[in-house]
Peer 1: 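Pasting in a structure now, in structure tokens, and then I'll have a few things to ask.
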Amino acid sequence: MDAIRVRFAPSPTGALHIGGVRTALYNYLLARKHNGTFILRIEDTDQNRFVPGAEEYIIESLLWCGLKPDEGPGFGGEYGPYRQSDRKEIYQAQVAELLRTGHAYYAFDTTEELEARREKDPNFKYDASVRMELKNSLSLPSGELQNLLDQGVPYTVRLKVPDNQDVVVEDLIRGQVHFQSQELDDKVLLKADGMPTYHLANIVDDHLMRITHVIRGEEWLPSTGHHVLLYRAFGWEDTMPVFAHLPLILKPDGKGKLSKRDGTRLGIPVFPLSWKGESAEDSFTGFREFGFDPRAVLNFLALLGWNSGTEQELFSLEELTQAFSVEKIGKGGARFDFDKAKWFNHQYIQTSPNDALAREFRPYLETKGLNISDAFLQKYCGLLKDRVHFLPEFWDAGHYLLEPAVAFDPEAVSKKWRPDLVPAMEGVISFIRDQAAFEAGPLHDAVTQWLKDQQIKPGDILTLLRIALTGAMKGPGVFDMMELLGKEASVQRLERALDHFKNSVS
RNA sequence: GGUCCGUUCGUCUAGGGGUUAGGACAUCACUCUUUCACAGUGGAGACACGGGUUCAAUUCCCGUACGGACUACCA
């Protein structure tokens, strides 16, 4: 087989949807698996929908996920330019060819005329059945055509869909899909502004860029018949890429495909990176800012509609590459399950080295104005990572260890504190103060032995020590926390807590 | 409306003519942890429906229902 060349071809009309990231991922995986080429192409042929910053956003998103294009705007490559707005002349030349061979024709119908037509007949389709009633180079007397062109009357170029052809698409995921050409309308190929439509541009570019596989969203399946016809019209059918249409990502609840609205509505990210739009309504929190590890995002996305056929759930990008195959992509839409995404991220946090976690968490700390040493923070992250799903939770789960003062939970205190425990508490604090080895293991052994010797019920005291350190009935092991805090800070906390306990009403 | 696509536990899915229909998330219980988590064990939980084909269908075929996408000079 020839070297595989795939492309991810987003349109810079705003933030890149998470479904787009999945499409990019599958393209990337296929390319990597076969030592092929992963190409980024920017489909910016709609000047009205162009959004400044969107292209940068797309690229930053891909890079954050680790999906670096081999070719694309800013990435080099022999088949550029990779931005469709820079390829205008190419499309126009190709359209001229189609016009010459009779596979396309000029159409002078205005948007208003067509709208009026659709209003009269909701089922109106610009196709062979009505072609001759409309204003185009097929229906116009030959002199009239030249006349209009000379006058500079705006026109579009449409595909002349042939009659009675069975168009077959071999889809890697769905098998054969048939279209009857008479059901297909004469799609606009070149718009009045001289820009190509998606249909024209994607065929021309895929051909010229020697794309071997088109992996794209299911929304393109209905127009794939047109695309095949276009390859035929150009005489490129023998090198036509193989198609694979991906199932959609569905809303977490209810019906329909996942939309950006669902993100705001449910308080979950649906974009890789945060995006600031014109309005608050058009601004979103990204997976990155939510505290996701890109590896978890990729892992989650990969399994949304695809699986290896084994029971493995956790995959590195390299493992995904090895295991991936387009044929194993499912056909049905996949519901976006945020709980699963959360679980994936938890897995990555649990297995991340403490220094990496500390490095990633530090920025959150700085927003709180706290300055904590690397050593402390690394140990801290190690102690807490089992109970954290997202990076920012490192704060919620253990902030009492980072802040000087502990806020005591009155309920916990009243549940565990009894005034007759004063001597035992004073005793254990002074015992702890006398310990030379301030490491969790030895400290644990020494204290529990001491409690035993003093005939004090460990349950009474250990929980109080915990409350003293954390303010509540939660958190890492008591002696782990003491080791982290060090003797001085630990004892100080214990003494302060005891004072607090004594003053509490019990 | 038309065209096209889809349908296995609540969710993501494995499987495939004869299986106790497997796993993961979520959920519940228990164990561990003198806390909370993590982890472990166990429970509950699915082949949309109707017809064929077949000795046998969840699996193949056809319908129906339901869902979705598309139906722009947007991608």
Side-chain angles (χ1 to χ4, degrees), chain A residues 9-13 43-49 84 107 109-111 114-115 118 121-126 154-158 169 171 173-175 177-180 183-185 187-199 201-202 216-225 245 247-248 250 252-253 255-257 300 303-314 328 330-344 346 350 383-389 397-398 412 416 448 451 457-463 465-467 469-470 472-478:
Chain A
S11 173
T13 53
E43 310 232 329
D44 57 347
T45 54
D46 187 349
Q47 300 167 328
N48 301 321
R49 292 216 302 158
Q84 289 184 329
D109 319 271
T110 65
T111 310
L114 292 174
E115 266 169 17
R118 283 192 193 97
D121 172 14
N123 288 329
F124 171 78
K125 241 183 346 182
Y126 204 123
Y155 63 87
T156 63
V157 175
R158 285 181 181 266
V169 178
D171 190 283
I173 295 172
R174 290 153 211 283
V177 179
H178 292 258
F179 298 92
Q180 296 304 315
E183 303 284 355
L184 272 24
D185 65 335
K187 284 258 181 284
V188 170
L189 264 21
L190 199 67
K191 301 184 262 185
D193 64 2
M195 278 293 199
T197 59
Y198 171 86
H199 306 295
N202 105 88
R216 77 224 303 193
E218 193 182 18
E219 67 270 27
W220 293 112
L221 192 49
S223 52
T224 306
H245 289 94
L248 266 13
L250 274 18
D253 57 347
K255 311 291 180 197
K257 67 173 174 181
F300 165 66
L303 276 286
L304 210 53
W306 171 86
N307 84 84
S308 66
T310 69
E311 285 181 357
Q312 185 176 353
E313 298 269 342
L314 265 16
K328 291 198 86 66
K331 298 178 185 27
R335 207 172 281 280
F336 183 86
D337 181 1
F338 189 70
D339 279 333
K340 191 87 179 238
K342 184 173 166 179
W343 176 80
F344 272 112
H346 187 210
Q350 280 191 86
L383 249 31
L384 286 152
K385 62 183 177 183
D386 276 347
R387 45 212 103 201
V388 165
H389 291 85
K416 290 293 171 183
T448 47
L451 290 172
K457 270 174 67 187
D460 284 345
I461 293 305
L462 256 22
T463 321
L465 292 181
R466 157 172 310 287
I467 297 171
L469 258 21
T470 71
M473 307 248 292
K474 61 175 184 182
V478 167

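In what follows, every heavy atom counts, from backbone to side chain, and hydrogens, waters and symmetry copies are set aside.
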Peer 1: Looking at the rings of A:Phe300 and A:Phe336, which for Trp means the six-membered one, are their centres under 6.0 Å apart?
Peer 2: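 For A:Phe300 and A:Phe336, the ring centres are under 6.0 Å apart.
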Peer 1: Looking at A:Arg158, does any N or O in its side chain come under 4.0 Å of the phosphate oxygens OP1/OP2 on B:C73?
Peer 2: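 Result: yes.
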Peer 1: Using Watson-Crick or G-U wobble geometry with both distances under 3.5 Å, which nucleotide pairs with B:U27?
Peer 2: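 Looking at the geometry, B:U27 pairs with B:G43.
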Peer 1: For A:Leu451 and A:Thr197, take the nucleotide of RNA chain B holding the closest heavy atom to each; which residue's nucleotide lies nearer the 5' end?
Peer 2: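 Whichever sits nearer the 5' end wins; that is A:Leu451.
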Peer 1: Using only heavy-atom distances, decide whether a donor-acceptor pair under 3.5 angstrom links the side-chain of A:Arg387 to the base of B:C38.
Peer 2: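 Absent.
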Peer 1: Under 4.0 Å from OP1 or OP2 of B:C73: is there any side-chain N or O of A:Lys187 that close?
Peer 2: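 No, no such contact exists.
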Peer 1: If I pick the C1' atom on B:A24 and the same atom on B:U64, what distance separates them, to the nearest angstrom?
Peer 2: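 Rounded to whole Å, the distance is 33 Å.
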Peer 1: For the pair A:Lys340 and A:Asp337, find out whether any cationic side-chain nitrogen is under 4.0 Å from an anionic carboxylate oxygen.
Peer 2: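 Result for this pair is no, no salt bridge flagged.
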Peer 1: For nucleotides B:A57 and B:G52, find the distance between their P atoms and express it as a whole number of Å.
Peer 2: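 Here B:A57 and B:G52 have their P atoms 11 Å from each other.
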Peer 1: Find the partner of B:A21: check Watson-Crick (N1-N3 plus N6-O4 or O6-N4) and G-U wobble (N1-O2, O6-N3) distances, both under 3.5 Å, and reply none if neither fits.
Peer 2: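 Partner of B:A21: none found under 3.5 Å.
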Peer 1: With sugar-phosphate meaning primed atoms plus P, OP1 and OP2, does A:His245 contact a base, only sugar-phosphate, or nothing at under 4.0 Å between heavy atoms?
Peer 2: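 Contact class for A:His245: none.
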Peer 1: Can a side chain N or O of A:Lys191 be found less than 4.0 Å away from OP1 or OP2 on B:A75?
Peer 2: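 For B:A75, OP1/OP2 do have a side-chain N/O of A:Lys191 under 4.0 Å.
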Peer 1: Which nucleotide, if any, forms a Watson-Crick or G-U wobble pair with B:U53, using both distances under 3.5 Å?
Peer 2: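 Its partner is none (no Watson-Crick or G-U wobble pair with both distances under 3.5 Å).
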Peer 1: Given that A:Pro10 and A:Pro476 both sit by RNA chain B, which one's nearest nucleotide is further toward the 5' end?
Peer 2: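 Whichever sits nearer the 5' end wins; that is A:Pro476.
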Peer 1: Is a donor-acceptor contact shorter than 3.5 angstrom present between the side chain of A:Lys474 and the base of B:A37?
Peer 2: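 Answer is no: no donor-acceptor pair is held.
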Peer 1: Side chains of A:Arg174 and A:Glu218: does their closest heavy-atom pair fall under 4.5 Å?
Peer 2: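 The answer is yes, as the side chains (C-beta and beyond) meet within the 4.5 Å cut-off.
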Peer 1: Pairing check on B:G1: which nucleotide meets the Watson-Crick or G-U wobble criteria with it, both distances under 3.5 Å?
Peer 2: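 Per the H-bond distance test, B:U71.
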Peer 1: Expressed as a whole number of angstroms, how long is the span from A:Lys328:NZ to B:G15:C1'?
Peer 2: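 Rounding to the nearest Å, NZ of A:Lys328 and C1' of B:G15 are 10 Å apart.
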Peer 1: Closest approach to the side chain of A:Leu114, judged atom by atom: which nucleotide of B:G6, B:A24, B:C73 is it?
Peer 2: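 Nearest to the side chain of A:Leu114 among the choices is B:C73.
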Peer 1: Ignoring hydrogens, what is the shortest heavy-atom contact between A:Asp46 and A:Lys191? Give both atom names and the distance.
Peer 2: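 Minimum heavy-atom separation between A:Asp46 and A:Lys191: CA-NZ, 3.8 Å.
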Peer 1: For B:G23, take OP1 and OP2 only and decide whether either is under 4.0 Å from a side-chain N or O of A:Thr310.
Peer 2: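 No, outside the criterion.
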Peer 1: Tell me if a side-chain donor or acceptor on A:His178 pairs with a main-chain N or O of A:Val169 at a distance below 3.5 Å.
Peer 2: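 No, the answer is negative, given that no donor and acceptor are paired below the 3.5 Å cut-off.
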Peer 1: Check whether any side-chain N or O of A:Lys342 sits under 4.0 Å from OP1 or OP2 of B:C12, and answer yes or no.
Peer 2: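 No, because none of the side-chain N or O atoms of A:Lys342 sits under 4.0 Å from OP1 or OP2 of B:C12.
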Peer 1: Does B:U35 have a Watson-Crick or wobble mate here (both distances under 3.5 Å), and if so which one?
Peer 2: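 Looking at the geometry, B:U35 pairs with no nucleotide.
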Peer 1: Tell me whether the OP1 or OP2 atom of B:C73 has a side-chain N or O from A:Arg118 closer than 4.0 Å.
Peer 2: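 So the side-chain polar atoms of A:Arg118 do come within 4.0 Å of the phosphate oxygens OP1 or OP2 of B:C73, strictly under.
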Peer 1: Exactly one of A:Leu190, A:Val188, A:Leu189 should register a side-chain contact (heavy atoms from CB on, under 4.5 Å) with A:Arg158. Which one does?
Peer 2: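 Of all the options given, the one that passes is A:Val188.
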Peer 1: B:C66 pairs with which nucleotide, Watson-Crick or G-U wobble, both distances below 3.5 Å?
Peer 2: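 B:G6 - that is the nucleotide pairing with B:C66, both distances being under 3.5 Å.
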Peer 1: Categorize A:Gly475 for me: base, sugar-phosphate, or nothing, with a 4.0 angstrom heavy-atom threshold over every strand shown.
Peer 2: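 A:Gly475: base contact, heavy atoms under 4.0 Å.
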Peer 1: Strictly by Watson-Crick or wobble contacts shorter than 3.5 Å, is anything paired with B:U58, and which nucleotide is it?
Peer 2: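 Pairing partner, where one exists within any strand: none, as none qualifies.
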Peer 1: Please tell me if A:Asn123 has a side-chain N or O lying less than 4.0 Å from either OP1 or OP2 of B:G1.
Peer 2: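 For A:Asn123, the contact criterion (side-chain N or O under 4.0 Å from OP1 or OP2 of B:G1) is not met.
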